[in-house]
J.: 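Have a look at this one.
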Amino acid sequence: MTEEKAITEGVGRGERSLPPIRLTDAEAGAAVFAGSNSRKYNYFEPKGRRASHYEDVTVDVQPDPEKYLTQGWILGWPNGDLGYDPKWTKIKSSNWHEFRDPNEEWEKTFYINNSNSIRQIQQSIEDAKSENIFEDWSRDWLNILARHVSTWSHADHGLGMYVFMPAQRAAMSNMLNNAIAVNCMHKLRTAQDILLYNLELTEIFGEDVFDGAAHKDTWMNDPSWQGVRENVERIMNEKDWAETVFAANIVFEPLVGELFRSQFVMRFAAPNGDFLTPSIIGVSEREFNDRDLRYSKEMYRVMGADEVHGEANRELMQEWLAKWTPYSVAAAKGLEPLWSEPETKPAAASFETAYERVQTRFEGILSDLELRMPQEVTA
């Protein structure tokens, strides 16, 4: 047995030249922050007296050359962009890290909330099947479910995949990314919920009674839906991430999404014997009201209240309103023929009444953001 010997010099490669280590104070850990040896130390100021769990796992998780990365962004793209670029939106901020999601969403809450939503939908369908409530549904309502309710999945998929997905990548802080990413997954899951529901109804009623593929032709060719399709596709093709989220959540959803889900589907279903569909659509309606609209209003409120750029940001949002409102008004009014299709209608369910309701709600959202109501809405 040979004696073991520590290797202290190169073998077989001749002399080696190693560059000397030069400390530049740009390395992680080079700087010492006051109080950093305390177990209660935070890099950020919590919104409340103490940092919430949401703040602990989201705030400052994404480094930023404006705060900690003294060497600049550590990643880049072939076109020369480095990391995150404030020029990816026209809106400006003196502190991109100020926003806090009022929903306090992060990975754990996202999985819990979405699991609960899926369980609620699956349980509602199973209960309906066990009681065979489908016998009570009117046949003309089945046609509306196949052609119109299923078609909304295309709007949700377009917004989720091509609006919120790129926006969550481009937004300038981890808290913004997180909130928009959750919004993205709400939309993609909702599109899937609707299509899975479509498959259930196809299986229950049979293809001769329920045309499960009708939604494709409706989305592409039905005149009632071409305004919605144009609105969604125009938002999909816009590149400014803050503008696309604004166009989708501040303009399109209140004027078009809520008009269709809340004022049509959820009000017309029950008189046609269908108490199940409102519970399916109600999940996405609640997610928009309780979460997606809530974070969006806070995000644009913070931008509008920015000490340096607030006034310019509000004027920019007013320009976005003038740009996007006509498309959403046209999309909403294009859906009017749907109100005359069901043979059985609830009382006080005219399109004019429904539009007045979403118009009032839209006005309230704009008021909260200190924005002026565009004249196209009331024209």
Side-chain angles (χ1 to χ4, degrees), residues 45-48 59 86-105 159 163-164 167-168 170-173 175-180 182-183 231 234-235 238-259 262 285 287-332 355-379:
E45 285 291 331
K47 190 173 182 179
V59 179
K87 293 194 295 293
W88 290 344
T89 176
K90 291 180 181 176
I91 213 155
K92 298 183 185 303
S93 175
S94 54
N95 179 12
W96 288 110
H97 299 262
E98 182 179 353
F99 167 75
R100 300 289 187 274
D101 182 357
N103 305 316
E104 300 210 328
E105 286 273 26
L159 293 175
V163 174
F164 296 110
Q168 63 84 26
M172 286 296 294
S173 78
M175 291 74 74
L176 293 167
N177 301 151
N178 231 51
I180 300 172
V182 171
N183 194 163
N231 200 161
R234 282 184 179 277
I235 302 173
E238 181 57 59
K239 302 302 181 188
D240 184 317
W241 65 267
E243 180 177 351
T244 58
V245 174
F246 184 92
N249 279 357
I250 302 299
V251 185
F252 175 79
E253 279 290 353
L255 284 175
V256 186
E258 292 194 344
L259 177 73
S262 180
E285 185 73 346
E287 283 175 343
F288 175 70
N289 283 329
D290 293 351
R291 295 183 175 278
D292 299 333
L293 178 61
R294 192 175 178 215
Y295 92 77
S296 301
K297 287 171 63 177
E298 176 62 12
M299 183 169 77
Y300 294 108
R301 186 200 66 75
V302 169
M303 293 172 176
D306 189 286
E307 292 182 359
V308 179
H309 306 288
E311 184 176 351
N313 285 343
R314 288 195 299 277
E315 284 305 310
L316 178 62
M317 285 188 264
Q318 200 65 51
E319 291 175 15
W320 288 346
L321 271 178
K323 175 180 176 180
W324 292 104
T325 299
Y327 297 120
S328 289
V329 169
Y355 186 73
E356 285 177 9
R357 289 178 180 141
V358 297
Q359 175 184 318
T360 301
R361 173 155 162 80
F362 183 56
E363 188 173 17
I365 293 169
L366 299 187
S367 176
D368 291 342
L369 294 174
E370 300 183 32
L371 298 175
R372 302 182 297 279
M373 182 86 153
Q375 62 180 4
E376 289 86 350
V377 180
T378 54

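Residues take their numbers from the sequence shown, with the count starting at 1.
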J.: Using every non-hydrogen atom in the two residues, find where L366 and I250 come nearest and quote the distance to one decimal.
T.: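 Shortest heavy-atom separation between L366 and I250 comes out as CD2-CG2, 4.1 Å.
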J.: Would you say V245 and M299 make side-chain contact, with heavy atoms under 4.5 Å?
T.: yes
J.: Is any NZ, NE, NH1 or NH2 atom of the basic residue among D368 and K297 found under 4.0 Å from an Asp or Glu carboxylate oxygen of the other?
T.: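 Salt bridge between D368 and K297, a charged N being under 4.0 Å from a carboxylate O: yes.
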J.: Do other residues, nucleotides or ligands put more than 12 heavy atoms under 6.0 Å from R357 CZ?
T.: yes
J.: Taking all atoms of both residues into account, what is the closest heavy-atom pair of M303 and I91, and its distance?
T.: SD-CD1, 3.5 Å
J.: Could you tell me the separation between the CD1 atom of I365 and the CG atom of L293, rounded to the nearest 0.5 Å?
T.: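 Here the rounded value is 4.5 Å.
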J.: Kindly compute the distance separating CE (M317) from NZ (K90), expressed to the nearest 0.5 Å.
T.: 14.0 Å
J.: Between W88 and D240, is there a side-chain heavy-atom distance shorter than 4.5 Å?
T.: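 Of all side-chain heavy-atom pairs linking W88 with D240, none is under 4.5 Å.
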J.: So does W96 get a backbone contact from the side chain of S173, meaning a donor-acceptor N/O pair under 3.5 Å?
T.: yes
J.: Mark yes when over 12 heavy atoms from residues, nucleotides or ligands other than K92 sit less than 6.0 Å from its NZ; otherwise mark no.
T.: no
J.: So, E363 and R372, do they make that salt bridge, N to O below 4.0 Å?
T.: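 Judged by the 4.0 Å cut-off on N to carboxylate O distance, E363 and R372 do not form a salt bridge.
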J.: When you measure from the side chain of N103 to the backbone of R291, do you find a donor-acceptor pair of N or O atoms at a distance under 3.5 Å?
T.: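 Yes, the answer is positive, given that a donor and an acceptor are paired below the 3.5 Å cut-off.
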J.: Tell me, do E258 and F362 make a side-chain contact under 4.5 Å, heavy atoms counted?
T.: no
J.: Testing the basics here: between D306 and N95, what is the closest heavy-atom pair and its distance to 0.1 Å?
T.: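 Distance-wise, the nearest heavy atoms are OD2-N, 4.2 Å.
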J.: Between N183 and D292, does any side-chain donor sit less than 3.5 Å from a side-chain acceptor?
T.: yes
J.: Search all heavy atoms of P254 against all heavy atoms of N249 and return the closest pair with its distance.
T.: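 Smallest interatomic distance, heavy atoms only, reads CD-O, 3.3 Å.
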J.: Can we say E311 and R314 salt-bridge, meaning some charged N sits less than 4.0 Å from an Asp/Glu carboxylate O?
T.: no
J.: So which heavy atom on F99 is nearest to which on A179, and how close?
T.: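 Closest heavy-atom pair between F99 and A179: CE2-CB, 4.1 Å.
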J.: With sequence neighbours left out, what residues match N289 under side-chain hydrogen bond (donor to acceptor under 3.5 Å, both in side chains)?
T.: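 Testing N289 for side-chain hydrogen bond (donor to acceptor under 3.5 Å, both in side chains), a comparison that skips the adjacent residues, returns R361.
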J.: Just verifying a value: how many Å separate R301 CZ and L369 CG, rounded to the nearest 0.5 Å?
T.: 9.5 Å
J.: For a 4.5 angstrom cut-off between non-hydrogen side-chain atoms, does L321 reach V251?
T.: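 A side-chain contact under 4.5 Å exists here.
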J.: Tell me which pairs pass ring pair (Phe, Tyr, Trp, His ring centres under 6.0 Å) where either residue lies in residues 291-319, with sequence neighbours left out.
T.: F246-Y300
J.: For a quick check under 3.5 Å, do W324 and E243 share a side-chain donor-acceptor pair by atom type?
T.: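 The answer is yes; a qualifying pair exists.
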J.: How far apart are the closest heavy atoms of T244 and E238, and which atoms are they?
T.: CG2-O, 3.4 Å
J.: Any non-hydrogen side-chain atom of Y355 less than 4.5 Å from a side-chain atom of V329?
T.: yes
J.: Is any side-chain heavy atom of M175 closer than 4.5 Å to one of V59?
T.: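 V59 reaches M175 side chain to side chain.
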J.: I'd like to know if the side chain of N231 and the backbone of A331 have a donor-acceptor N/O pair within less than 3.5 Å.
T.: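 No, N231 side chain to A331 backbone: no donor-acceptor pair under 3.5 Å.
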J.: Out of curiosity, L176 CG to I180 CD1, how far, rounded to the nearest 0.5 Å?
T.: 6.0 Å
J.: Just how far is it from atom CG of N313 to atom OG of S93, taken to the nearest 0.5 Å?
T.: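 With rounding to 0.5 Å, CG (N313) is 7.5 Å from OG (S93).
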J.: Distance from F252 atom CZ to T325 atom OG1, nearest 0.5 Å?
T.: 13.0 Å
